Participant: 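Here it is, the structure, as structure tokens.
All values reported here derive from a predicted model rather than from experimental measurement. The figures here come from the full heavy-atom set of this structure, side chains too, leaving out hydrogens, waters and symmetry mates.
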Amino acid sequence: MLTAFARAFKTPDLRKKLLFTLGIIVLYRLGAHIPVPGVSYENVQICVDQAAKNNSSLFGLVNMFSGGALLQITIFALGIMPYITASIILQLLTVVIPRLEALKKEGQAGTAKITQYTRYLTVALAVLQGTGLVATARSGALFSGCQVADEIVPDQSIFVTATMVVTMTAGTALVMWLGELITDRGIGNGMSILMFISIAAGFPGALWAIKESGSLAKGWIEFGTVILIGFVMVALVVFVEQAQRRIPVQYAKRMIGRRSYGGTSTYIPLKVNQAGVIPVIFASSLLYIPALIAQFSNSNAGWKTWIEAHFVSGDHPYYIATYFVLIVFFAFFYVAISFNPEEVADNMKKYGGFIPGIRAGRPTAEYLSYVLNRITWPGSLYLGLIALVPTMALAGFGGANQNFPFGGTSILIIVGVGLETVKQIESQLQQRNYEGFLR
């Protein structure tokens, strides 16, 4: 693999793509440390240090996706999250709105139109989320318990507030543009690579915090144990992410003029984890809603006390059980809307394809649906267990919670993007008659 990377840098055009991607990453990380105008940088640092010690930030998931820029209130505070949300919304609406479904079937032109809609929705969500973040920072609720939380935004005039919102929205648009530059002129998967960098940026600090808080051999035993568990989790995730059920498909021979077409054998790859990391993001986002409502509520009602006791702390049994059930539910839900067995069966029938032993048409769709439901069960259970590993197995190492570096969301994204990036580079190497990574 190291030899393949060396060959990649020796290839002129591929070296330019890699260096261009690295340059964009440097710009992205630089913007994650430039504060928004109107914010008191000193007070923000005081509150961030206290939040890191207490490890109780309500916005931990969004902060992880922004590479720590959210709680720092920088120009890239919203990060790539509005684009991710917009992409998921458009994907869900494609099933509901016939116009979007028709655009999806139009090929490249339709995909370009959907991408344009995604950009518009990203900007709208950035304005909405930026307004919410500024309002939260002004009220002091962004860092609950911090003494100077009310002084993070000293000047609370309308002009300063509007400037902060516009700056964060422009930062989100710039991040989206940087991701598209990596896709077009870099090594590809621009948005995924920026997400990868955002999550990986928090690993060193979090691991060192575990070492500092440890008591065995000055924390080195805890540090080494967490590293070992992290490698085991990465190996498990790689194994499951690569696992797939291959359904054989044969195409009958067709005579068109004097030429014979078809007669080939292929397969439909159905991944065990067909939904990816989307169910974990859905479940985490949904569980944040009760805690947000309780935090912004000024009443002392019984429902607020119950939510704070059961759904704010990530290690409560109610929270764990609800989180697990939501992940399993959203795994089946997302697979149901992203993979249409009837459409696949119709396309196979149109081009003369069939599954050996299964009749074409409706029986094929029923068989695909049956197989998909069977492999989604282990995939959804795997997602739930991976997401709960920090809470259930690593609670003794530095106060780990669901946003621990080796948590389910971060590991799934890191491994998934890493595998896809390696495949991108490998395919470009093989196009130049190189042996690639897997020799």
Participant: Side-chain contact test, heavy atoms from C-beta onward, threshold under 4.5 Å: evaluate it for Leu368 versus Ile355 and give yes or no.
Facilitator: yes
Participant: So, taking the atom named OG in Ser192 and the one named CD1 in Ile414, what distance separates them when rounded to the nearest 0.5 Å?
Facilitator: 11.5 Å
Participant: Kindly indicate whether the side chain of Arg245, heavy atoms from C-beta on, has any atom under 4.5 Å from the side chain of Val371.
Facilitator: yes
Participant: Can you give each donor-acceptor pair under 3.5 Å made by side-chain atoms of residues 372-382, sequence neighbours left out, with the distance rounded to 0.1 Å?
Facilitator:
from	atom 1	to	atom 2	distance (Å)
Asn373	ND2	Ser369	O	3.2
Arg374	NH1	Tyr370	OH	2.3
Thr376	OG1	Leu372	O	2.5
Ser380	OG	Thr376	O	3.1
Ser380	OG	Trp377	O	2.9
Tyr382	OH	Glu241	OE2	3.2

Participant: If only atom types and distance count, is the side chain of Thr122 paired as donor or acceptor with the main-chain N or O of Met176 below 3.5 Å?
Facilitator: no
Participant: Would you say the side chain of Leu383 lies within less than 4.5 Å of the side chain of Phe330, judging by non-hydrogen atoms?
Facilitator: no
Participant: Out of curiosity, Thr266 OG1 to Ile247 CD1, how far, rounded to the nearest 0.5 Å?
Facilitator: 11.5 Å
Participant: Can you measure from CD1 (Ile187) to CG (Leu14) and round to the nearest 0.5 angstrom?
Facilitator: 8.5 Å
Participant: Identify the heavy atoms of Val127 and Thr131 that sit nearest to each other, and give their distance.
Facilitator: O-OG1, 2.7 Å
Participant: Quick one, Val36 and Met168 - any side-chain contact, counting heavy atoms below 4.5 Å?
Facilitator: yes
Participant: For the atom pair CD1 (Ile73) and OG1 (Thr167), what is the distance rounded to the nearest 0.5 Å?
Facilitator: 12.5 Å
Participant: Assign the ring pair Tyr28 / Phe76 to parallel, tilted or perpendicular, where the plane angle (0 to 90°) is split at 30° and 60°.
Facilitator: parallel
Participant: Between Val123 and Arg119, is any pair of side-chain heavy atoms under 4.5 Å apart?
Facilitator: no
Participant: Hey, is the main chain of Lys271 close enough, under 3.5 Å, to the side chain of Gln274 for a donor-acceptor pair?
Facilitator: yes
Participant: Measure across Thr118 and Ala86 and return the closest heavy-atom pair with its distance rounded to 0.1 Å.
Facilitator: O-CB, 3.8 Å
Participant: Please round to the nearest 0.5 Å and tell me the distance separating atom CD1 of Ile114 and atom CZ of Arg99.
Facilitator: 9.5 Å
Participant: Out of curiosity, Thr364 OG1 to Met348 CE, how far, rounded to the nearest 0.5 Å?
Facilitator: 5.5 Å
